[in-house]
Amino acid sequence: MPKKQPNAISPTRAENYPEWYQQVVRASDLAETSPVRGCMVIKPWGYALWENIQRVLDERFKETGHRNAYFPLFIPKSFLEKEAEHVEGFAKECAVVTHHRLEAGPDGGLVPAGELDEPLIVRPTSETIIGAMFSKWVESYRDLPLLINQWANVVRWEMRTRMFLRTTEFLWQEGHTVHASEDEAQAETRQMLEVYRDFARDYMAMPVIPGEKSAAERFPGAVATFSIEAMMQDRKALQAGTSHFLGQNFAKASEIKFLTPEGTLQHAWTTSWGVSTRLLGGLLMTHSDDDGLVLPPRLAPAHIVIMPMTGRAEDPEAVLSYCRRLRDDLRNQQFDGRRVEVELDERDIRGGEKAWQWIKKGIPMRLEVGPRDMADDSVFLGRRDRSPKDKVSVKRSDFVDTVAATLSDIQAALLARAEAHLEKHTRPIDSEVDFRAFFTPDDPEHPEIHGGFALSHWSGDPAVEARIKQELGVTIRCLPLDEHAPGQCPFTGDRSPQRVVWAKAY
RNA sequence: CGGGGCGUAGCGCAGUCUGGUAGCGCGCACGGUUCGGGACCGUGAGGUCGGAGGUUCAAAUCCUCUCGCCCCGACCA
């Protein structure tokens, strides 16, 4: 390993984006691969990040009237078969439990015994099992709306997996609601999409485009699927959250019926919506740089690390106690409604090595505190949204007084940078020639980062969508909610109701 | 399932073609010198070479079978 690298992560984003991603996951200590195919281990730093996401979203769900519950991991196969499109959509990626016991086999190993009468599916999503329960819980219009959320793990047996972005098992929340009217269910679907949009922007500092999915990208069994789409630094789209209007499809499949005030028996209207640990992958690819992870302060597991510089100090203990008092004073400050979280890193390793570890982990602020600073009653501050070399001396009292403001400033800077990136690489395109050029790299052998979001008209013809996907690997990410101007489809010349977002996607 | 590649120390790899005592870098432990930007020197611990069978005086290396993983494709709300 060279003595000095220009940056902490190799390769850089420009050199090899997918490999850079893997290296950041590793260097930041968020997660690592496990002995189980396609499944990852989320390490404490990554899990703390997920816990912060959970905490904030859970508050939003409760504010909007939802309550948490928990449903079984296993779903009887027959349940999944109830909704035709749903089966079609998920069957190929289901893990199936067929036995309930192991016995010693002829070769000394264990072999499955005790075959189940009916196989159990490990939930890929819970519409059917939750629907079965909801059918018992809903009898009258007085039972509605029913607003439930669960935090859980799900399993989807994907062919190819990528840390956080597509793993066999992942953590998520799934909201499931039942309503007495179509309008109310539609409103719920849109409300939760808004919750996700606001969360992504205000907490993750990740700007997103909310919109409806085309029929080809719709959730199996849904009447309408909405999503928030974010642009990663390689300009590919990441679907960061979905909200589905299920119409009466699942209510009919699960017999969720209620008596109206007029005494008639009606099928209810349902919704479901979710975000997953995929958000961590989105967070990483939105902000991180060639030195590793960059965390927005509102979600960072810790805001500040204090690194005592005791190496050449005449009185190391004095430096340490100065640092401990600083830590305590900082912890008495509030940021974003919670205590400022401080790590005091007293490990006996070299300062440079220590600093780089924290840079790679993405902590928003680093404080180096040694005898010089102590004598001057100041701290030496580095911010993760700036260059590792860009460090300044700040009076201790000023730093403590303004720590919350500084964290807000970092949060805002990250959002501004991400918004600028999204804006820069989103453009209206009105001809097929321009469209193809936009999505074609200069060097096809070693494609450079190119393209982005193309805002083009589309008549609604699924054949066009399929052809473009086939030819360019580009798909319609969503029909943005704020696009209304009609125009002409650049592929067919047909009339188009609105511009849609085209992009290569994760 | 089709095409390609790889399994050797915790991680990353060389050694395999041409059989002959198991190697390197990082990491780890200890000692010393260091320490405000990724330290250096020395010493040391750590390996059934994915597994089974075969050829041979001798197999990480050759042969047969097998297991697993990765990449490309198909697939993917």
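Chain A is the first sequence line, chain B the second, and so forth, proteins listed ahead of strands; every chain is numbered from 1.
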Undergrad: Trp273(A) and ring pair (Phe, Tyr, Trp, His ring centres under 6.0 Å): which single residue from Phe61(A), Phe245(A), Phe226(A) fits?
TA: Phe61(A)

Undergrad: Is the closest basic N to carboxylate O distance between Glu32(A) and Arg26(A) below 4.0 Å?
TA: no

Undergrad: Partner lookup for rU48(B), please. Criteria are Watson-Crick or G-U wobble with both distances under 3.5 angstrom; report none if nothing qualifies.
TA: none

Undergrad: Do the charged groups of Arg477(A) and Glu217(A) touch, with an N to O distance under 4.0 Å?
TA: yes

Undergrad: Counting only N and O atoms by type, is there a donor-acceptor contact under 3.5 Å from the side chain of Arg123(A) to the main-chain atoms of Asn153(A)?
TA: yes

Undergrad: Taking only Lys NZ, Arg NE, NH1 and NH2, and the carboxylate oxygens of Asp or Glu, determine whether Glu471(A) and Arg436(A) approach each other closer than 4.0 Å.
TA: yes

Undergrad: Taking the nucleotide of RNA chain B with the closest heavy atom to each, which residue, Gln239(A) or Gly38(A), is nearer the 5' end?
TA: Gly38(A)

Undergrad: Taking a pair as Watson-Crick or G-U wobble with both distances under 3.5 Å, which nucleotide is matched to rG31(B)?
TA: rC41(B)

Undergrad: Figure out the CD/C1' separation between Glu353(A) and rG36(B), and round it to whole Å.
TA: 16 Å

Undergrad: Hey, can you tell me if Phe170(A) and Trp172(A) have their rings parallel, tilted or perpendicular (30° and 60° cut-offs)?
TA: perpendicular

Undergrad: Quick one: does Glu85(A)'s side chain have a donor or acceptor within less than 3.5 Å of a partner on Ala222(A)'s backbone?
TA: no

Undergrad: Indicate, with a heavy-atom threshold strictly under 4.0 Å, whether Lys389(A) touches base, sugar-phosphate, or nothing.
TA: base

Undergrad: Rounded to the Å, how far apart are Lys504(A) NZ and rC76(B) P?
TA: 19 Å

Undergrad: When all nucleic acid strands are considered with a 4.0 Å heavy-atom cut-off, which category describes Arg350(A): base, sugar-phosphate, or nothing?
TA: base

Undergrad: Could you tell me the Watson-Crick or G-U partner of rC75(B), where both distances fall under 3.5 Å? Say none if there is no partner.
TA: none

Undergrad: Using a cut-off of strictly less than 4.0 Å between a heavy atom of the residue and any atom of RNA chain B, enumerate the qualifying residues of residues 359-381 of chain A by number.
TA: Lys360(A), Glu368(A), Gly370(A), Pro371(A), Arg372(A), Asp373(A), Phe380(A)

Undergrad: Rounded to the Å, how far apart are Glu88(A) CD and rC76(B) C1'?
TA: 14 Å

Undergrad: Return the nearest nucleotide to the side chain of Glu158(A); candidates are rC76(B), rG38(B), rG36(B).
TA: rC76(B)

Undergrad: Mind checking whether His176(A) and Phe71(A) have ring centres under 6.0 Å apart?
TA: no

Undergrad: Find the distance Asp345(A):CG to rC35(B):P and express it as a whole number of Å.
TA: 20 Å

Undergrad: Figure out the CE/P separation between Met309(A) and rU34(B), and round it to whole Å.
TA: 19 Å

Undergrad: Can you tell me the distance, in whole Å, between the CD atom of Glu19(A) and the C1' atom of rC71(B)?
TA: 12 Å

Undergrad: Should the pair Glu229(A)-Lys213(A) be classified as a salt bridge under the 4.0 Å nitrogen-to-oxygen rule?
TA: yes

Undergrad: I need the CZ-P distance between Arg477(A) and rC76(B), as an integer number of Å.
TA: 13 Å

Undergrad: Whole Å only: how far is the CD atom of Glu169(A) from the P atom of rC76(B)?
TA: 23 Å

Undergrad: Here's a test for you: under salt bridge (Lys or Arg N to Asp or Glu O under 4.0 Å), which of Arg386(A), Lys360(A), Arg384(A) qualifies with Asp289(A)?
TA: Arg384(A)

Undergrad: Between rA58(B) and rG44(B), how far is it from one C1' atom to the other, in whole Å?
TA: 31 Å

Undergrad: Find every protein N or O atom lying less than 3.5 Å from an N or O atom of nucleotides 4-11 of chain B, and list the pairs.
TA:
{"residue": "rC11(B)", "atom": "O2'", "partner": "Arg26(A)", "partner atom": "NH2", "Å": "2.6"}

Undergrad: Does rC24(B) pair with anything, Watson-Crick or G-U wobble, both distances under 3.5 Å, and if so, with which nucleotide?
TA: rG12(B)

Undergrad: Can you classify the ring geometry of Phe219(A) versus His244(A) as parallel (below 30°), tilted (30 to 60°) or perpendicular (above 60°)?
TA: parallel

Undergrad: If pairing requires Watson-Crick or G-U wobble contacts with both distances under 3.5 Å, which nucleotide is the partner of rA58(B)?
TA: none

Undergrad: Taking any strand in view, what nucleotide pairs with rG19(B) in a Watson-Crick or G-U wobble way, both distances under 3.5 Å?
TA: none

Undergrad: How is Gln357(A) classified with respect to the nucleic acid when contacts are heavy atoms under 4.0 Å: base, sugar-phosphate, or nothing?
TA: nothing

Undergrad: Does rC6(B) have a Watson-Crick or wobble mate here (both distances under 3.5 Å), and if so which one?
TA: rG68(B)

